[in-house]
Amino acid sequence: MTATTHPGSTATAHAAGGHAPHAGPTGFLWKYVFSTDHKVIGIQYGLTALVFLLLGYGLMALMRWQLAYPGQPIPVFGELLLRALGPDMADRGIMTPDLYNSFGAMHGTIMVFLAVVPLAFGAFGNYVVPLQIGAPDMAFPKINMASYWCYFAGGVVMLVSFFIPGGAAKSGWTSYSPLATVADLAHRFDGQTFWLMGMVLLITSSLLGSVNFIATIIQLRAKGMGWLRLPFFVWAQFVTAFLLLLAFPPLEAAGIMQLMDNLLGTSFFLPTGLVVSGRPLDVSGGGSPLLWQHLFWFLGHPEVYVLILPAMGIVAEVLANNTRKPLFGYKSLVYSALAIGFLSFIVWAHHMYLTGMGTKISTFFQTTTMMISIPSVIILTALFISLWGGSIRFNTPMLFALAFLPMFGIGGLTGLPLGFSATDIQLHDTYYVIGHFHYVVAPGTIFALFAGIYYWFPKATGRMMNEYWGRVHFVLSFIFMNLVFLPMFVQGLEGMSRRRDDGGATYAAGEGVYGLSLALKLNVGISHAAWLLGVAQVPFMINLFWSLWRGPKVVSDNPWQATTLEWATPTPPPHGNFTHRPVVYRGPYDYSLPGSPTDYAPQNLPA
Amino acid sequence: MDIPHTVEARPDTGLYNAKVGIWLFLASEVMLFGALFSSYILLRVGAEAWPHGLLSVPIGTFNTVVLITSSITVVLAWASLKLGDLSRFKLYQGCTVLLALTFVAVKSFEYRDKFTHYYVRLQDGTELNGHLAGNPLNWTAANLADTNRVGASITFHPDAAGGEGEGAHGGHAEPIELTAANVAKLESWGPWRSTYLAIYFTLTGLHALHVIGGALVIAYLWGPGSRMWRSDPERFTNRVEVCGLFWHFVDLVWIFLFPVLYLL
Ligand code: HEM
Ligand SMILES: [Cu+2]
């Protein structure tokens, strides 16, 4: 079954529960709540992000009812929504358009900024990066703690916004102006204001985090850990940190300006002559709605690589470990990740082809968009080729990592037609776009995150997760993910808009409208698949907590017989991580070296 | 547990951790202000008209000199520590804090000037700019209605004819009595007044926050924080250096802000 049955020889022969080389802080509060230990912070990030992942799913599950059965009361949950949010939002248990809009905006916001990025970067990055580079902790442990608490506060602000008068933000996760400013003129501190304040906190958090990550990777690499001996995961996090560092501040600037538009009545993004509900808006005007879009997508596009790069890093680690051979083209992986990093700053306007930009500008962004797919394809190809000739171990982490490859492939390939302005005219703002990016983020990134959880769980807890239920979780998730997202391409090609709260039913019923007939039927099927996808997560949730207390204890510090340094620590690693400062003698993936007694050579094994 | 390179530099990078950290932080700050400057350009290019001369160049110049001087004292303070002279450090860094306070004081004086300057549109459609008697801060038509309720009106002194700008306050045009009945709109020259004022307040406000934040940290290192000099002089010197780097950045931003908002 798992590799636990083959206890590997490790540099530190501690079994579970090794002693701390240095005394850590004492007292529950300082040890687990206001901890400065990167591992505790990583786990805090991880648990919080998983809660948000569930919540983001829940919002969508409710929206899916409205899409499948528009205008009908939601069973069970309709009553709860009515009680919690009042008849303005869920009259007789029916989801109002306002509620649909705010759930939609918050689903996107929560998934991107509060669930996936914190999980990929905050949790895995925090836990694994210092271990993999052989560092005792992050360069700035207190700043690390501040980063988590800013994130936490940002999450609380977002959650509170559901319950304020007028409800949460309703203008999409992209918050386009002027809609975002005029959506709720009746309330001064409206959902959008909360959204902006929450975002400022989240941006602060990611700023603190990214400075810390980069400084740590530059400064705290163990002796012998040269740049080209870094595991690919560390490289991925390094580039990600740079994206966050440099792309988020413009959104912060935009957020400040939109906040001023909302609260102080400025007109940064409000054009002259804006008419709202039949009356001219009493503002100075002269602003530019396009300016918001530029600033948003200047973050927004790098952000999608923030979502994908750590996932690629995790997949690379799991693949190398379970194929028992070095990654194919380690250097090309590294250079591709760097190329993605640079290029992702100059493609943002491919989200704006339909804003009436000139052909020259559009040509520029089409070109850069095609250029950035090259390194993405290189990475994917290298990972695929890495499988070639390996004696593959099909454990749960590996299954998720393997599934990542074709899923990300579909997501990436469907991006190409979006990247050409001619084809994008048809596809923009349809369900095709929804299908595209969900393929990259859901069966792509989220699968990689699952792989990471199953893979590093034994290091973090000293226990294995249950393999059987892991596989059940994988198979069901794989099926339902595809049943949810594959039909969306069809819907999009049929012209179904991504923003309608009735899934296009009213529009389709209009006189002289053809098409959408298939799309409306698919809506029902997709919704059912989406709910079942939720059910498929139950084995995972139970497995996670059950294994925490009851899972079989690992018999070695290195149960997967891996080569990277995180496995050279006691299990779970104590405050300060390593019993001795590790020294690195070799590259990250020395698997199946000819003539070696074992099929793997840890990085700290003298050459 | 000790984190390596908190004080001594890492041989291959030649830097201690905090220095790497501050440079990274400043890179993100460049992006923050860069985005705002780009917004400024975009908004200005798209504007029908762009006001000139709303701000006093002499005052702006004075503040520029103040900040540049503070940049010098910050370096001298750090150099004094390198020479092992804490009292000189205190002298120079004290000057830095005072200069920062001067800057903020001058800036708030400039702000006040805008919030006591009014635009008014009368019911007959006449549009005027000027001052209210007694220079109240940031009034709106609602405040006017309150005054009316107690039976008073307020005198409005329009600016010199034709001048949208500063300078000759009142006197030239006839003062007008404003009441809630004859006023359609009354607002001060806050950020809501025009795109120019919006970006002016945003840029200078954000910059002022940086000045205040920097000054607080410098003041801390000048006061209670300086105790570290006795226990760990090298680390203390590093802190002062890092702070100084931030301070130079804050100055640099102003060097861009001054021409962009006051001169061009
Ligand atoms: C590899 C090649 C890729 C190309 C050529 C590509 C291209 C595009 C284009 C042109 C759009 C805009 C479509 C429209 O609004 O009409 C888009 C949307 C999007 N893409 Fe991609 N993409 C690629 C990869 C990715 C990856 C790796 C991710 C994330 C992990 C991603 C996430 C997104 C998201 C979230 C949106 C939608 C944003 C929104 O409008 O709400 N894409 N993509
Ligand atoms: Cu993009």
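Numbers restart at 1 for each chain; the letters A, B, ... are given by sequence-line order, proteins then strands. Predicted model only: the values in this text are computed from it and were never measured.
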Given a strict heavy-atom distance threshold of 4.5 Å, which part of [X] is in contact with chain B: side chain, backbone, both, or neither?
| X | result |
| --- | --- |
| A:Phe140 | side chain |
| A:Leu245 | both |
| A:Val283 | neither |
| A:Leu207 | side chain |

Requested in this report: Tell me, with the steps shown, if A:His38 and A:Thr216 meet side-chain contact (heavy atoms from CB on, under 4.5 Å).
Outcome: CA-CA 11 Å; A:His38 71 102; A:Thr216 304; over 6 Å; no
Side chain proximity check, [X] to [Y], heavy atoms < 4.5 angstrom:
| X | Y | answer |
| --- | --- | --- |
| B:Lys114 | B:Phe201 | yes |
| A:Phe238 | A:Ile218 | yes |
| A:Val239 | A:Tyr305 | no |
| A:Val234 | A:Gln237 | no |
| A:Trp292 | A:Ser175 | yes |

Report task. Classify the ring geometry between A:Phe113 and A:Phe248 as parallel (under 30°), tilted (30 to 60°) or perpendicular (over 60°). Result ->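 It falls in the tilted class, 30° to 60°.
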Query raised in the report: What class does the angle between the rings of B:Trp50 and B:Tyr196 fall in, given that below 30° is parallel, 30 to 60° is tilted and above 60° is perpendicular?
Result: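 Ring orientation of B:Trp50 relative to B:Tyr196: perpendicular.
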Requested in this report: Just grab all the side-chain hydrogen bond (donor to acceptor under 3.5 Å, both in side chains) pairs involving residues 130-139 of chain A, residues at least two apart or on different chains.
Outcome: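 Qualifying pairs: A:Gln132-A:Glu317, A:Gln132-A:Glu566.
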Query raised in the report: Which of the residues A:Gly287, A:Ser210, A:Ala215 is involved in the greatest number of heavy-atom pairs with chain B at under 4.5 angstrom?
Result: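 That would be A:Ala215.
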Query - Heavy-atom pair with the smallest gap, counting every atom of A:Pro141 and A:Ala139 - result: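 Here A:Pro141 and A:Ala139 meet closest at CD-O, 3.5 Å.
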Query raised in the report: For chain A, which of B:Glu48, B:Lys185, B:Glu29, B:Glu187 has the most heavy-atom pairs under 4.5 Å?
Result: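 The candidate making the most pairs under 4.5 Å is B:Lys185.
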Query raised in the report: Mind checking which of residues 15-28 of chain B sit less than 4.5 Å from chain A, heavy atom to heavy atom?
Result: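 Under the 4.5 Å heavy-atom cut-off, B:Leu15, B:Tyr16, B:Asn17, B:Ala18, B:Val20, B:Gly21, B:Leu24, B:Phe25, B:Ala27, B:Ser28 qualify.
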**Report entry** Positions in residues 243-264 of chain B that reach chain A, provided some heavy atom is under 4.5 Å away
**Finding:**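 Checking residues 243-264 of chain B against chain A gives no residue, so none.
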Requested in this report: Using the side-chain contact (heavy atoms from CB on, under 4.5 Å) rule, take A:Lys39 and A:Thr569 through it: C-alpha gap first, then chi angles, then the decisive distance, then the call.
Outcome: CA-CA 12 Å; A:Lys39 298 181 295 298; A:Thr569 61; over 6 Å; no
Query raised in the report: Which of these, B:Tyr200, B:Phe103, B:Phe33, sits in a ring-ring contact (aromatic ring centres under 6.0 Å, His included) with B:His207?
Result: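 Of the listed residues B:Tyr200, B:Phe103, B:Phe33, the ring-ring contact (aromatic ring centres under 6.0 Å, His included) partner of B:His207 is B:Phe103.
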Query raised in the report: Checking ring-ring contact (aromatic ring centres under 6.0 Å, His included) against A:Trp348, which of A:Trp297, A:Phe296, A:Phe298 comes through?
Result: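 The ring-ring contact (aromatic ring centres under 6.0 Å, His included) with A:Trp348 is passed solely by A:Phe298 among A:Trp297, A:Phe296, A:Phe298.
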Report task. Answer with yes or no whether the side chains of A:Asn144 and A:Ser147 bring together a donor and an acceptor at under 3.5 Å. Result ->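 Short answer, no.
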**Report entry** Distance-only donor-acceptor check, side chains B:Thr126 and B:Asp124, under 3.5 Å
**Finding:**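 Result is yes, a qualifying pair exists.
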Query raised in the report: Using non-hydrogen atoms only, which part of B:Ser194 is less than 4.5 Å away from chain A: side chain, backbone, both, or neither?
Result: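 Backbone only.
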**Report entry** Test log, rule side-chain contact (heavy atoms from CB on, under 4.5 Å), inputs B:Leu122 and B:Val183
**Finding:** CA-CA 4 Å; B:Leu122 303 178; B:Val183 168; 4.2 Å; yes
Query raised in the report: When only heavy atoms count and the cut-off is under 4.5 Å, which of residues 250-258 of chain A reach chain B?
Result: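 Answer by number: A:Pro250, A:Glu252, A:Ala253, A:Ile256, A:Met257.
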